[in-house]
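Heads up: the structure comes next, in structure tokens.
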Amino acid sequence: MRVTSFPLATLRDTPSEAEITSHQLLLKGGFIKRVSSGIYAYMPLMLRVIEKISHIIEKELNKIGCSKLLLPQLHPSELWKKSGRWEGYTEGEGIMFNLKDRQDRSFGLAPTHEEVITYIASEIVKSYKQLPFCFYQIQTKFRDEIRPRFGLMRGREFIMKDGYSFHSSKEDLIDFYKIMEKSYENIFENCGLKTLGVEADSGAIGGAASKEFMVTADSGEDSILFTKSGSYSANIEKAISLPSKEKPLKNFSKSLIHTPNQKSIQDICKTNNFDPSQIVKVIIYLAKFEDKSEVPLLLCIRGDQSINDVKVFNLIDKTKQSNLLTLSIIESDLEIKKNLNELPLGFIGPDLKDQLIKKNSSWEKKWVRIVDHSAYNLSKFISGANKVDFHKFFNSWKFIGDNYIEADIRNSKAGDYLDKDSSEILLEAKGIEIGHIFQLGQKYSKKLDAKFSNQKGLLENIWMGCYGIGVSRLAQAAIEQNHDENGICWPIQISPFKVVLIATNLKDPIQEKLALSIYKEMQENNIDVLFDDRDERAGVKFKDADLIGIPFRIIVGRDAIDNQVELISRSKEIQLKLSSKELVEKFLNESKLM
RNA sequence: CGGGGCGUGGCGCAGCUUGGUAGCGCGGGUGCUUUGGGAGCACUAGGUCGUAGGUUCGAAUCCUAUCGCCCCGACCA
């Protein structure tokens with residue numbers, strides 16, 4: 001392609017709306033244009049990247065027997081009502097754009113396609129003989145994100161590859177899940193990306209096992225924990241580990257400790273020379289369920305550790321038939337006054353009485369007490385005395401009786417031990433989630449009544465898996481991982497062009513003639529070449545070539561008269577002077593090595 | 001939604017405190033010179049100062065409302 005065939009909209013200054021490097025470079029290089037918050041146009045250069053990624057995905061998925069199709073984006077509300085997700089996805093902080101047609105029928109703009117694909121499977125699958133199979137599509141998804149961010153990283157409209165597999169048994173699903181996992185590793189490797197697969201919570205989509213694929217980058221929104229050896233990796237919501245050892249606490253003769261105005265763990269430790277690991281922190285939460293019941297929670301954890309809301313959510317969700325809707329820390333004065341008698345905030349202890357909950361409160365009248373292992377393992381500890389300006393020394397948990405749940409509700413963190421016998425400690429990094437695979441099981445096939453006749457002739461719900469890749473996000477994550485002070489350094493596999501051809505002075509007829517013949521020859525050899533045929537000074541073209549990140553550059557310059565040209569890699573690792581005759585062969589050779 | 005910041009030519013910004021009718025750099029156009037890392041000179045086009053009200057003889061500037069954008073939290077590919 002010739003540069004003059006489309007406006008190369010590179011900018012000299014970085015637009016102020018972008019914060020992270022990859023977003024700045026996308027805007028500065030003219031790859032994307034913002035149309036509204038979280039909504040972007042993919043300019044020709046960007047579309048080429050998206051298409052390259054798409055082809056890599058398609059090739060790899062076709063290899064394991066998946067079939068590409070294209071599903072509608074406008075979904076009737078009925079399907080989403082059947083799966084039970086319509087309300088959650090449209091009301092309150094719901095993420096689905098929705099609208100009504102002229103007949104006043106409700107539709108949603110698809111944020112994901114489990115409903116539609118399960119409906120279709122329910123129509124076409126009759127027998128186990130038709131299973132297994134896997135459909136996928138690459139298409140625009142819509143999500144009314146609470147806060148769109150960082151350009152394509154979290155857009156309200158984004159390109160996603162989503163795949164759905166259908167199986168006659170759980171075992172078959174698990175087998176295929178493993179095949180898909182390998183396939184994902186191939187895809188990301190073929191895109192030239194370094195990724196880390198981590199165990200994940202399956203979240204709103206639901207189901208059993210799930211794994212996320214992360215591009216490690218400081219600007220990442222997710223925290224991941226892993227061991228140096230690679231023996232373990234998980235995102236922070238899911239990670240399980242053992243905390244570092246507590247500092248031993250000496251015995252106290254009296255149990256009550258006067259701690260005036262020392263509300264935070266830091267305060268108490270500083271004034272009384274305690275270590276945070278000797279304190280038990282008590283935090284109160286409120287869980288609201290679909291059946292309108294409200295359950296107050298009393299969570300106890302070691303003072304140097306923090307609560308993992310996802311773990312608490314999953315734990316509490318299991319305690320009731322009704323679905324858990326929200327979980328939040330109780331901190332508003334209004335809420336506390338309305339439901340509790342004199343809560344000594346800052347001095348709460350694990351033995352806080354149930355009687356504190358007012359009789360006319362809408363809450364259930366008993367604390368659900370959850371003690372994290374880290375707290376329960378302390379034989380002696382300091383905690384609040386449930387009395388303003390006092391803490392207390394505890395030398396056992398006997399007081400709690402059997403009125404509690406001991407569980408893991410703790411955020412793992414860097415420095416934790418993997419398990420009892422391991423000397424391996426966890427490291428922490430930030431990551432960008434670019435892929436996620438789930439074993440859905442029968443969640444959607446049950447709701448949407450998708451069944452097949454099994455070998456015994458009995459009807460059974462189809463077993464399903466689902467597999468996503470954020471294509472547009474992947475493209476930006478690739479920049480986050482591959483750039484320098486001059487611009488983007490695309491991995492050659494997904495670069496919009498493999499090589500850019502620059503004549504330093506096109507007005508020189510010798511250069512022009514040689515550049516044109518090279519351009520023609522490269523095209524004939526099916527090489528993705530961008531010919532910068534603008535009437536610009538060499539410096540401008542070099543700067544733009546660096547900015548838009550093309551991995552190789554051919555320079556036709558002063559030595560054109562001797563048919564000599566230069567082949568240089570974006571990284572400058574390869575710098576060759578060679579005759580134009582051997583150029584194509586040499587280029588094919590060098591670019592293969594990358 | 002809560003907290004913070006910002007809207008002035010395509011991009012980056014100044015002007016606003018102390019009202020007097022808009023300016024700088026880059027970019028664009030034309031011409032000449034230049035030509036291996038964002039050239040020089042000259043000329044030139046381009047702005048209802050986000051929008052709507054209000055105060056005032058007069059508003060980019062003061063007041064009110066409203067819209068949009070970005071950042072920090074809850075959401076996720």
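Here is the naming used below: chain letters follow the sequence lines, and residue numbers restart at 1 for every chain.
At whole-Å resolution of the value, CZ in Arg154(A) and C1' in C71(B) are 15 Å apart. Gln24(A) places its CD atom 16 Å from the P atom of C11(B), with the value rounded to the nearest Å. Between the CZ atom of Phe188(A) and the P atom of A77(B) there is a distance of 12 Å, rounded to whole Å. Rounded to an integer number of Å, the gap from Arg537(A) CZ to U33(B) P is 14 Å. In this structure, CE of Met43(A) is placed 13 Å from C1' of G10(B), rounded to the nearest angstrom. The separation between Arg34(A) atom CZ and G10(B) atom P is 14 Å, rounded to whole Å. As a whole-Å value, the separation of Asp535(A) CG from G28(B) P is 12 Å. Remark: C1' of A77(B) and CG of Asn235(A) are 14 Å apart, rounded to the nearest angstrom.
When heavy atoms are screened at a 4.0 angstrom cut-off, Glu221(A) is found touching base atoms of the nucleic acid. Within the nucleic acid shown, Gly557(A) comes within 4.0 Å of at least one base atom, counting heavy atoms only. Among the heavy atoms of the strands, none lies under 4.0 Å from Tyr467(A). Ile555(A) comes within contact range of at least one nucleobase, with a heavy-atom separation under 4.0 Å. Asp508(A) comes within contact range of no nucleotide atom at all, as no heavy-atom separation falls under 4.0 Å. Heavy atoms of Asp162(A) sit nowhere under 4.0 angstrom from any nucleic acid atom. At the heavy-atom level, Thr14(A) lies under 4.0 Å from the strands shown only through sugar-phosphate atoms. When heavy atoms are screened at a 4.0 angstrom cut-off, Ile146(A) is found touching base atoms of the nucleic acid. No engagement by Gln511(A) is indicated, since no non-hydrogen atom pair under 4.0 Å with the nucleic acid exists. Contact annotation for Gly88(A): no contact, since no heavy-atom pair falls under 4.0 Å across all strands. Using a 4.0 Å heavy-atom cutoff across all strands shown, Glu145(A) reaches at least one base atom of the nucleic acid. At a threshold of 4.0 angstrom between heavy atoms, the contacts of Lys572(A) include nucleobase atoms, whether or not backbone atoms are also involved. Among the heavy atoms of the strands, none lies under 4.0 Å from Arg156(A). No engagement by Asp309(A) is indicated, since no non-hydrogen atom pair under 4.0 Å with the nucleic acid exists.
Toward the 5' end of RNA chain B, the nearer of the two residues Ser37(A) and Lys507(A), judged by each one's closest nucleotide, is Lys507(A). Each of Ile469(A) and Asn486(A) was assigned the nucleotide of RNA chain B with the nearest heavy atom; the assignment lying further toward the 5' end belongs to Asn486(A).
Remark: the Glu566(A) side chain and the G36(B) base include a donor-acceptor N/O pair separated by less than 3.5 Å. Between the side chain of Arg143(A) and the base of C76(B), no donor-acceptor pair under 3.5 Å is found. Scanning atom types as modelled, no donor and acceptor separated by under 3.5 angstrom connect the side chain of Asp13(A) and the base of C13(B). Side-chain atoms of Asp546(A) come within donor-acceptor range of the base of G37(B), with a qualifying N/O pair under 3.5 Å.
No salt bridge links Lys311(A) with Glu237(A); every basic N to acidic carboxylate O contact stays at or beyond 4.0 Å. The pair Lys413(A)-Glu428(A) does not count as a salt bridge, with every side-chain nitrogen at least 4.0 angstrom from each carboxylate oxygen. Note on Lys443(A) versus Glu114(A): no salt bridge recorded, every NZ/NE/NH1/NH2 to OD/OE distance being 4.0 Å or above.
A distance cut-off of 5.5 Å between ring centres, combined with a plane angle under 30°, places Phe158(A) in a stacking arrangement with the base of A77(B).
Here the separation of G9(B) from A65(B), taken at their P atoms, is 25 Å to the nearest Å. Separation of the C1' atoms belonging to A59(B) and C69(B) is 24 Å when rounded to the nearest angstrom. Nucleotides G53(B) and U18(B) are separated by 27 Å at their P atoms, to the nearest Å. Rounded to the nearest Å, the gap between the C1' atom of C26(B) and that of G40(B) is 16 Å. Using P as the reference atom, G31(B) and G36(B) are 22 Å apart when rounded to the nearest Å. For the P atoms, the distance from C16(B) to A52(B) is 24 Å, rounded to whole Å. Across U30(B) and C49(B), the matching P atoms stand 30 Å from one another, rounded to whole Å. Distance check on atom P: A60(B) versus C76(B) gives 47 Å, rounded to whole Å.
At the phosphate of U35(B), neither OP1 nor OP2 sits under 4.0 Å from any side-chain N or O atom of Thr504(A). Between Ser36(A) and G68(B) there is no side-chain N or O to OP1 or OP2 distance below 4.0 Å. Note on Arg147(A): a side-chain N or O is less than 4.0 Å away from OP1 or OP2 of C72(B). In this model, the phosphate group of C72(B) is approached by a side-chain N or O of Arg149(A) to a distance below 4.0 Å at OP1 or OP2.
Ring-plane geometry between Phe97(A) and Phe142(A) is classed as perpendicular, the angle between the planes exceeding 60 degrees on a 0 to 90 degree scale with a lower cut at 30. Taking the six-membered ring for Trp and thresholds of 30 and 60 degrees, Tyr177(A) and Tyr467(A) have ring planes inclined between 30 and 60 degrees apart. Ring-plane geometry between Phe531(A) and Tyr519(A) is classed as tilted, the angle between the planes lying from 30 to 60 degrees on a 0 to 90 degree scale.
For G73(B), the paired nucleotide is C1(B), the pair qualifying as Watson-Crick or G-U wobble because both relevant distances are below 3.5 Å. Shown here, C43(B) forms a base pair with G29(B); the pair counts as Watson-Crick or G-U wobble because both key distances fall under 3.5 Å. In this structure, U55(B) forms no base pair with any nucleotide, since neither Watson-Crick nor G-U wobble geometry is met with both distances under 3.5 Å. In this structure G68(B) sits in a base pair with C6(B), meeting the Watson-Crick or G-U test at under 3.5 Å. Checking G19(B) for Watson-Crick or G-U wobble geometry (two distances, each under 3.5 Å) identifies no partner in any strand.
Side-chain rings of Phe213(A) and Phe188(A) approach one another, their centers coming within less than 6.0 Å. When ring centroids are compared, Phe107(A) and Trp86(A) stay outside the 6.0 Å threshold.
Using modelled atom types, one finds a donor on one side chain and an acceptor on the other under 3.5 Å when comparing Asn190(A) with Glu60(A).
Of the candidate nucleotides C70(B), C11(B), A77(B), C70(B) has the atom lying nearest to any side-chain atom of Glu19(A). Among C76(B), A77(B), G12(B), the nucleotide with an atom closest to any side-chain atom of His436(A) is A77(B).
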Exercise. Give the C-alpha distance, both sets of side-chain angles, the deciding distance and a yes or no for side chain to side chain donor-acceptor pair (under 3.5 Å) between His436(A) and Glu433(A).
Key: CA-CA 8 Å; His436(A) 202 158; Glu433(A) 182 189 351; 2.9 Å; yes

